[in-house]
Amino acid sequence: MYSGLLGKTALSAAIGIVIGTADAIGFFYTAKFFFAHATTFKRIIAAALELFRLIVLVAFIIFLCSRAHILFIPLALCAFVFSQGGKMVFIFKGLKR
């Protein structure tokens with residue numbers, strides 16, 4: 001359907017959307033599980049898991065760009081926007097008690 005630069009851009013953006021959405025959903029379940037009856041220890045574990053998920057997200061983006069013929073800027077931009085946007089939606093709408 002698409003070929004050349006437009007095809008690579010569309011594929012990169014689609015993969016970025018999927019990765020960002022998956023990260024936001026992971027954040028939602030981590031927050032739901034660890035902040036239900038939060039103690040200081042649970043909050044520290046949740047912060048460590050969020051840091052680990054961010055490192056995995058960046059490593060996966062770099063891996064995809066190095067191994068596959070995927071463009072970095074659309075992939076990283078879409079992943080970041082959907083990840084942070086989803087987290088903000090979950091924080092302000094989905095995690096109300």
Side-chain angles (χ1 to χ4, degrees):
M1 184 168 163
Y2 296 110
S3 63
L5 187 59
L6 183 59
K8 287 182 182 180
T9 304
L11 180 65
S12 299
I15 292 171
I17 290 169
V18 169
I19 292 170
T21 304
D23 183 55
I25 291 170
F27 168 78
F28 176 72
Y29 286 116
T30 302
K32 274 287 206 197
F33 180 73
F34 283 106
F35 291 130
H37 299 284
T39 62
T40 304
F41 182 69
K42 280 187 171 182
R43 289 184 179 150
I44 291 171
I45 290 175
L49 285 176
E50 184 63 27
L51 178 65
F52 177 72
R53 189 173 34 256
L54 180 64
I55 291 170
V56 168
L57 177 72
V58 171
F60 189 63
I61 288 172
I62 291 171
F63 173 76
L64 280 177
C65 290
S66 68
R67 294 290 179 192
H69 297 288
I70 295 176
L71 301 175
F72 178 75
I73 299 295
L75 177 67
L77 184 65
C78 288
F80 179 73
V81 167
F82 274 81
S83 175
Q84 297 305 315
K87 288 176 185 177
M88 291 301 121
V89 167
F90 287 140
I91 287 171
F92 292 119
K93 300 277 183 183
L95 291 176
K96 291 186 179 180
R97 295 180 185 188

>> When you group the ILVMFWY residues by side-chain heavy-atom contacts below 4.5 Å and let the links chain together, are Leu64 and Ile73 in the same group?
In response: yes
> When rounded to the nearest 0.5 angstrom, what distance separates CG in Asp23 from CZ in Phe27?
Replying inline: 9.5 Å
>> To the closest 0.5 Å, what do you measure between CD1 (Ile25) and OG (Ser83)?
In response: 10.5 Å
> Looking at Ala24 and Lys87, what are the two nearest heavy atoms and their distance?
Replying inline: CB-N, 4.0 Å
> Going from OG1 on Thr30 to NZ on Lys32, what distance comes out if it is rounded to the nearest 0.5 angstrom?
Replying inline: 12.5 Å
>> Quick check for you: to the nearest 0.5 Å, what is the distance between Phe82 atom CZ and Ile17 atom CD1?
In response: 4.0 Å
> Quick one: do Tyr29 and Phe90 end up in the same hydrophobic cluster if we chain Ile, Leu, Val, Met, Phe, Trp and Tyr together by side-chain heavy atoms under 4.5 Å apart?
Replying inline: yes
> How many angstroms lie between atom CZ of Phe80 and atom CG of Leu54, to the nearest 0.5 angstrom?
Replying inline: 9.0 Å
> Any idea which heavy atoms bring Ile61 and Phe72 closest together, and the distance?
Replying inline: CG2-CE1, 3.7 Å
>> What I'd like to find out is whether the side chain of Phe52 reaches to under 4.5 Å of the side chain of Val56, using heavy atoms alone.
In response: yes
> How far apart are the closest heavy atoms of Cys65 and Leu75, and which atoms are they?
Replying inline: SG-CD2, 3.7 Å
> Is Phe60 reachable from Ile70 through a run of I, L, V, M, F, W or Y residues, each pair having side-chain heavy atoms under 4.5 Å apart?
Replying inline: yes
